[in-house]
Amino acid sequence: MAYTQEPVTISIRAKARQRDLIDQAAERLGRSRSDFMLEAACRQAEDVLLDQTYFALDAKSFGAFQAMLDKPPAPTDRLRRTLGARAPWESSTAKPSATGKAAGRRVK
């Protein structure tokens with residue numbers, strides 16, 4: 001993803017009740033609605049990505065994890081599809097292949 005310092009517009013639709021709740025919380029923090037929403041959305045996005053990329057294990061569990069890495073499973077169709085899927089952090093402008101699947105690593 002390309003990150004620029006140039007502001008962009010993000011538009012969303014909300015119910016009046018949702019807007020009022022957001023406005024009340026933003027006011028309590030002395031923030032604008034936009035600043036409050038952007039900070040909350042970015043925090044949630046980081047949590048989602050970290051939950052899928054970072055994990056902590058105790059020593060026993062880490063040993064079991066290493067053992068699984070040393071003996072990976074046999075390739076299956078599902079594994080091939082997973083490894084061929086585009087990662088969420090890859091460019092959203094990349095186009096799928098002619099077969100309709102995202103380009104990526106392939107398992108033979």
Side-chain angles (χ1 to χ4, degrees):
M1 285 184 208
Y3 293 100
T4 65
Q5 296 299 323
E6 184 178 324
V8 296
T9 300
I10 300 173
S11 299
I12 62 171
R13 294 192 185 277
K15 295 178 180 162
R17 187 181 69 217
Q18 293 169 314
R19 182 204 54 217
D20 294 345
L21 177 65
I22 292 166
D23 285 350
Q24 183 180 7
E27 185 178 334
R28 292 252 176 113
L29 294 176
R31 314 279 308 268
S32 70
R33 179 191 304 151
S34 293
D35 287 344
F36 181 85
M37 291 177 66
L38 187 58
E39 182 181 327
C42 287
R43 184 173 45 246
Q44 179 66 21
E46 289 171 354
D47 287 348
V48 166
L49 294 175
L50 285 172
D51 283 346
Q52 295 180 13
T53 58
Y54 175 79
F55 57 95
L57 300 172
D58 58 37
K60 182 179 178 183
S61 298
F62 184 69
F65 177 69
Q66 282 184 309
M68 288 188 293
L69 290 176
D70 290 340
K71 188 179 180 212
T76 63
D77 288 339
R78 183 176 180 186
L79 179 60
R80 287 183 187 94
R81 283 192 311 271
T82 300
L83 292 174
R86 187 176 9 179
W89 54 85
E90 291 178 349
S91 173
S92 61
T93 59
K95 296 180 181 173
S97 67
T99 62
K101 295 181 181 176
R105 294 181 290 168
R106 298 179 194 258
V107 177
K108 292 185 178 183

- request: Using a 4.5 Å cut-off on heavy atoms from C-beta on, say whether the side chain of Arg78 contacts that of Arg81.
  value: yes
message: Once rounded to the nearest 0.5 Å, what's the spacing between atom CZ of Arg43 and atom CG of Leu38?
response: 10.5 Å
message: Please report the interatomic distance CG(Leu49) to CD(Gln44), rounded to the nearest 0.5 Å.
response: 10.0 Å
Note: Arg17-Asp20 ion pair, threshold 4.0 Å (strictly below): no
message: Check this for me: Gln18, atom CD, are more than 12 non-hydrogen atoms of other residues, nucleotides or ligands nearer than 6.0 Å?
response: yes
query: Taking everything shown except Ile10 itself, do over 12 heavy atoms lie less than 6.0 Å from its CD1?
result: no
- prompt: Between Pro75 and Leu79, what is the shortest heavy-atom contact and its length?
  reply: CA-CD2, 3.8 Å
Minimum heavy-atom distance Ala26-Ser32, with the two atoms named: CB-O, 3.8 Å
- prompt: Do Leu29 and Leu21 belong to the same hydrophobic cluster, where Ile, Leu, Val, Met, Phe, Trp and Tyr are linked whenever their side-chain heavy atoms lie under 4.5 Å apart, directly or via other members?
  reply: no
